[in-house]
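Comments concern the structure below.
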Amino acid sequence: MVFQAGVCEKYGLRADEQAPGLVRVRVVVTQPAPRGTACTAVVETQSVGAQLAAPLGDRKVVDMASGTTLTPQGDVPGGPR
């Protein structure tokens with residue numbers, strides 16, 4: 001997934017494959033910026049991926065926060081949560 005976010009944190013993709021025919025995803029912060037570190041207000045385009053238990057096939061990919069259906073190479077609305 002491609003999204004825009006700050007450069008001081010590290011990000012990952014959480015994927016939920018519980019619903020049939022659907023993969024729900026959310027970009028999450030996996031490593032916050034170190035405490036007390038000054039961080040510039042710079043946003044850049046970043047990308048993350050997730051290892052699925054089964055091939056994506058024709059399952060829909062849906063953003064967990066907004067419910068928006070995404071394309072496998074598309075943007076995650078609003079970036080990380």
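From a predicted model like this one, the values you see are computed outputs, not experimental measurements.
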>> Taking atom CD as the centre, does Glu44 end up with more than 12 heavy-atom neighbours from other residues, nucleotides or ligands that are less than 6.0 angstrom away?
In response: yes
>> I need the Lys10 NZ to Gln46 CD distance, nearest 0.5 Å.
In response: 8.0 Å
> Linking I/L/V/M/F/W/Y whenever any side-chain heavy atoms sit under 4.5 Å apart, do Phe3 and Leu70 land together?
Replying inline: yes
>> Please determine whether a side-chain nitrogen of the Lys or Arg among Arg24 and Glu17 lies less than 4.0 Å from a carboxylate oxygen of the Asp or Glu.
In response: no
> So if you build clusters from Ile, Leu, Val, Met, Phe, Trp, Tyr with side-chain heavy-atom gaps below 4.5 Å, do Leu13 and Val61 land together?
Replying inline: yes
>> Can you pull out every disulfide (SG to SG under 2.5 Å) where at least one residue sits in residues 33-66? Sequence neighbours excluded, please.
In response: Cys8-Cys39
>> According to a hydrophobic-cluster definition based on side-chain heavy atoms being under 4.5 Å apart (Ile, Leu, Val, Met, Phe, Trp, Tyr only), do Val27 and Leu52 belong together?
In response: yes
> In terms of hydrophobic clusters joined by side-chain contacts under 4.5 Å, are Val7 and Val29 together?
Replying inline: no
> Out of curiosity, does Met64 fall in the hydrophobic cluster containing Leu56 (side-chain heavy atoms, cut-off under 4.5 Å, transitive links)?
Replying inline: no
> What is the minimum heavy-atom distance between Val23 and Ala15, and which atoms define it?
Replying inline: CG1-CB, 4.2 Å
> Is it true that a side-chain atom of Tyr11 and a backbone atom of Ser47 form a donor plus acceptor pair closer than 3.5 Å?
Replying inline: no
> With a cutoff of under 4.5 Å between side-chain heavy atoms, which Ile, Leu, Val, Met, Phe, Trp and Tyr residues group with Val62?
Replying inline: Leu22
> Any sub-3.5 Å donor-acceptor pair from Thr68's side-chain atoms to Asp63's backbone N or O?
Replying inline: no
>> To the closest 0.5 Å, what do you measure between CZ (Arg14) and OG1 (Thr30)?
In response: 10.5 Å
